[in-house]
Amino acid sequence: MRVSTAFNRLLQIPGATVTEVAIGDGDIEVHLRPRARLLRCPCGKRVRAVYDRRRRRWRHLDLARCRLWLVYDIRRLNCPDCGVVTEELPWARPGARHTRDFEDMVLWLAQRTDRTSVSTLMRCAWETVTAIINRGVAELLDARRLDTLYRIGVDEICYRHPHRYLTVIGDHDTGTVIDVEMGRSRESLANFYTSQPDSVLTALETVSMDVSSVYTSVTTEHLPHVTICYDGFHLMQWIQRALDRVFAESVRLPGYATADWKAARWALRTGENKLTDDKRALVSQIARTHRRIGRAWTLKEQARDLYRYDHEPGGARRLLKAWITAAARSRIPVFVSLSKRFRKYFDSILAAIELGISNALLEGINAKIRLINARGYGHHSAQTLTSMIYLCLGGLQVTLPTKT
Ligand SMILES: [Zn+2]
């Protein structure tokens with residue numbers, strides 16, 4: 001068998017035939033000739049006349065211990081619509097110096113491991129890995145469809161201290177990242193809304209976010225039809241802090257050992273259903289002897305119940321109203337001011353309870369982004385980090401060339 005025939009069978013380069021193979025010390029050069037006479041413009045048109053030719057090499061997947069290169073005289077054509085452009089090739093992305101197979105392998109690895117491992121295994125430079133990721137992700141994002149999107153969450157993430165932020169938009173139903181925007185302002189989220197087609201925007205029903213976030217008004221302006229959900233986690237944090245403050249301001253009555261008093265602080269924070277018997281006894285004793293603490297603790301537990309249980313239709317609304325009234329009448333200043341905030345954000349707090357939506361999805365995404373950030377893909381540039389977020393969390397499907 002001739003060497004060129006052997007390489008034709010081995011490589012099976014789409015649209016091209018091997019004409020010559022040069023095996024050197026550690027490198028193999030495979031020369032290619034196009035199989036079809038017609039040239040393909042990136043716009044899809046096919047043209048017969050060649051404008052000019054220029055030799056180009058593409059790095060392909062290694063063969064044994066050798067680097068494998070494809071050598072081909074790439075043609076330019078004069079497209080009636082586009083002018084003079086470089087022909088499109090089936091084995092490489094436009095402008096790339098690596099084959100599609102090589103790049104797909106890099107993308108697949110980058111989804112799973114750190115940059116040093118990828119560049120060592122693939123025997124290419126860090127910068128090459130970064131360039132491949134940026135180009136590959138752009139192509140995969142173009143092919144992505146968002147027509148099933150209807151419940152999204154939005155949050156900010158600090159990716160470099162101090163004050164470097166990204167706005168991240170996630171899909172509640174697939175758990176994937178839909179969009180990443182620079183900064184954490186109204187404009188950041190507005191960029192996402194204005195870049196989506198109307199069909200995507202009108203299909204949206206719910207947007208979840210942190211309480212009173214800057215994203216609220218811009219969402220109302222662009223999507224007046226959606227329900228905004230305020231995350232319950234932060235509301236519970238406010239309430240826990242208020243309870244803590246009531247406790248700190250209270251004077252320890254004689255009859256309580258110092259250790260008991262300290263233990264009480266944690267017992268009060270713990271959910272009632274998670275208390276041990278002796279801690280439950282301690283809490284109910286303090287609730288009797290320190291009436292203010294008792295009232296604050298009851299308010300905290302009632303708020304927890306709002307998020308813990310399924311409610312009958314209208315039940316959550318009634319309970320939330322009752323809670324606000326009780327807090328307003330508690331004669332405890334921190335809870336009185338909380339009742340005002342709850343009244344102000346009533347609709348969005350209630351929507352989150354009734355729809356059972358929290359921003360926990362975004363918290364999870366943020367934790368994963370911090371891990372990606374630690375893998376060292378040269379994230380001084382927000383663009384590279386953004387590409388990595390899409391690649392690892394965007395639900396993008398990378399197909400391994402070697403997969404059977
Ligand atoms: Zn064209």
Side-chain angles (χ1 to χ4, degrees), residues 4 6-21 27-36 38-46 53-64 66-77 79 82 85-113 115 117-145 377 383-384 387-388 390-392 394-404:
S4 54
F7 272 82
N8 257 329
R9 295 236 183 113
L10 273 173
L11 302 180
Q12 298 185 6
I13 303 295
T17 310
V18 176
T19 56
E20 191 190 327
V21 179
D27 289 274
I28 302 173
E29 278 196 343
V30 175
H31 292 253
L32 300 176
R33 175 171 51 78
R35 216 170 283 150
L38 295 176
L39 293 82
R40 199 182 144 87
C41 175
C43 75
K45 257 211 171 73
R46 284 169 193 279
R53 291 187 165 86
R54 187 167 297 169
R55 179 147 294 194
R56 191 185 279 184
R57 295 207 316 172
W58 290 263
R59 173 87 185 275
H60 194 36
L61 294 170
D62 289 355
L63 189 67
C66 295
R67 287 185 172 83
L68 185 72
W69 303 86
L70 303 184
V71 183
Y72 174 79
D73 291 329
I74 194 164
R75 302 168 292 182
R76 287 199 299 169
L77 59 135
C79 173
C82 316
V85 288
T86 307
E87 70 172 316
E88 204 177 48
L89 299 168
W91 63 82
R93 294 186 169 89
R97 290 295 188 274
H98 295 78
T99 63
R100 205 170 261 280
D101 285 0
F102 187 98
E103 294 196 333
D104 287 347
M105 185 85 95
V106 167
L107 292 171
W108 190 89
L109 285 166
Q111 279 182 326
R112 289 158 177 85
T113 186
R115 183 170 66 159
S117 301
V118 178
S119 77
T120 307
L121 181 65
M122 300 303 291
R123 299 201 283 175
C124 62
W126 278 3
E127 295 74 16
T128 307
V129 173
T130 304
I132 288 173
I133 290 169
N134 287 339
R135 187 169 40 234
V137 166
E139 187 192 80
L140 290 166
L141 279 178
D142 276 349
R144 188 180 58 154
R145 302 180 63 95
Y377 278 88
Q383 200 224 333
T384 311
S387 295
M388 279 300 288
Y390 283 129
L391 182 63
C392 300
L396 302 183
Q397 295 301 320
V398 178
T399 320
L400 263 184
T402 49
K403 214 168 167 184
T404 48

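Heads up: numbering here begins at 1 and tracks the sequence.
The shortest distance between side-chain heavy atoms of Thr130 and Arg115 falls below 4.5 Å. Looking at heavy atoms from C-beta onward, Cys82 lies out of side-chain contact with Lys45 at the 4.5 angstrom threshold. Using a 4.5 Å heavy-atom threshold, the side chains of Pro94 and Pro42 count as separate. Within the 4.5 Å cutoff, the side chain of Val71 has no heavy atoms near those of the Val30 side chain.
From Leu39, atom CG reaches atom CZ of Arg46 across 9.5 Å, with rounding to the nearest 0.5 Å. The CH2 atom of Trp58 sits 14.0 Å away from atom CG of Asp101, with the distance rounded to the nearest 0.5 Å. Rounding to the nearest 0.5 angstrom, the gap separating the CD1 atom in Ile132 from the CZ atom in Arg93 is 9.0 Å. Interatomic distance, Arg57 CZ to Arg97 CZ, rounded to the nearest 0.5 Å: 11.0 Å. Atoms CG and CD1, on Leu70 and Ile13 in that order, are 4.5 Å from each other to the nearest 0.5 Å. A distance of 11.0 Å separates CD of Glu103 from CG of Leu61, quoted to the nearest 0.5 Å.
With His31 as reference, Thr19 is the one residue of Thr19, Val21, Asp73 to meet the side chain to side chain contact (heavy atoms under 4.5 Å, CB included) rule.
Remark: His60 pairs with Thr99 by the side chain to side chain donor-acceptor pair (under 3.5 Å) rule, at least two apart or across chains. Shown here are the side chain to side chain donor-acceptor pair (under 3.5 Å) partners of Arg76, two or more places apart in sequence or in another chain: Asp52. The ring pair (Phe, Tyr, Trp, His ring centres under 6.0 Å) check on Phe102 picks up His98, with sequence neighbours excluded.
Across all non-hydrogen atoms, the minimal contact from Ile133 to Leu107 is CA-CD2, 3.7 Å. Residues Met388 and Ala110 approach most closely at CE-O, 3.5 Å, considering heavy atoms. When all heavy atoms of Leu77 and Arg40 are compared, the pair lying nearest together is CD2-O, 4.1 Å. Of all the heavy atoms in Ser119 and Trp126, the pair that sits closest is OG-CD1, 3.2 Å. Taking both residues in full, the closest heavy atoms of Leu68 and Phe7 are given as CD1-CE2, 4.3 Å, listed atom of the first, atom of the second, then distance. In terms of heavy atoms, Ser4 sits closest to Glu20 at CB-N, 4.5 Å.
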Item checked: CA sep, side-chain torsions, deciding dist, call: Asp104, Leu400, side-chain contact (heavy atoms from CB on, under 4.5 Å) -> CA-CA 6 Å; Asp104 287 347; Leu400 263 184; over 6 Å; no
Check: Where do Met122 and Val129 land on the side-chain contact (heavy atoms from CB on, under 4.5 Å) test, with the steps shown first?
Finding: CA-CA 9 Å; Met122 300 303 291; Val129 173; over 6 Å; no
Item checked: salt bridge (Lys or Arg N to Asp or Glu O under 4.0 Å) assessment of Asp27 paired with Arg59 -> CA-CA 10 Å; Asp27 289 274; Arg59 173 87 185 275; over 6 Å; no
Margin query: For a side-chain contact (heavy atoms from CB on, under 4.5 Å) check, start with the C-alpha distance between Thr17 and Asn8, then their side-chain angles and the critical distance, and finish with the verdict.
Written below: CA-CA 6 Å; Thr17 310; Asn8 257 329; 3.4 Å; yes
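Ring planes of Trp91 and Tyr72: perpendicular class, angle over 60° (limits at 30 and 60°).
The neighbour count for Arg56 CZ, taken as heavy atoms of other residues, nucleotides or ligands under 6.0 Å away, is above 12. More than 12 heavy atoms of other residues, nucleotides or ligands shown are found within 6.0 angstrom of CZ on Arg123. Shown here is Arg35, whose CZ atom has more than 12 heavy atoms of other residues, nucleotides or ligands within 6.0 Å.
Judged purely by atom type and a 3.5 angstrom limit, Arg144 has no side-chain atom pairing as donor or acceptor with the backbone of Leu140.
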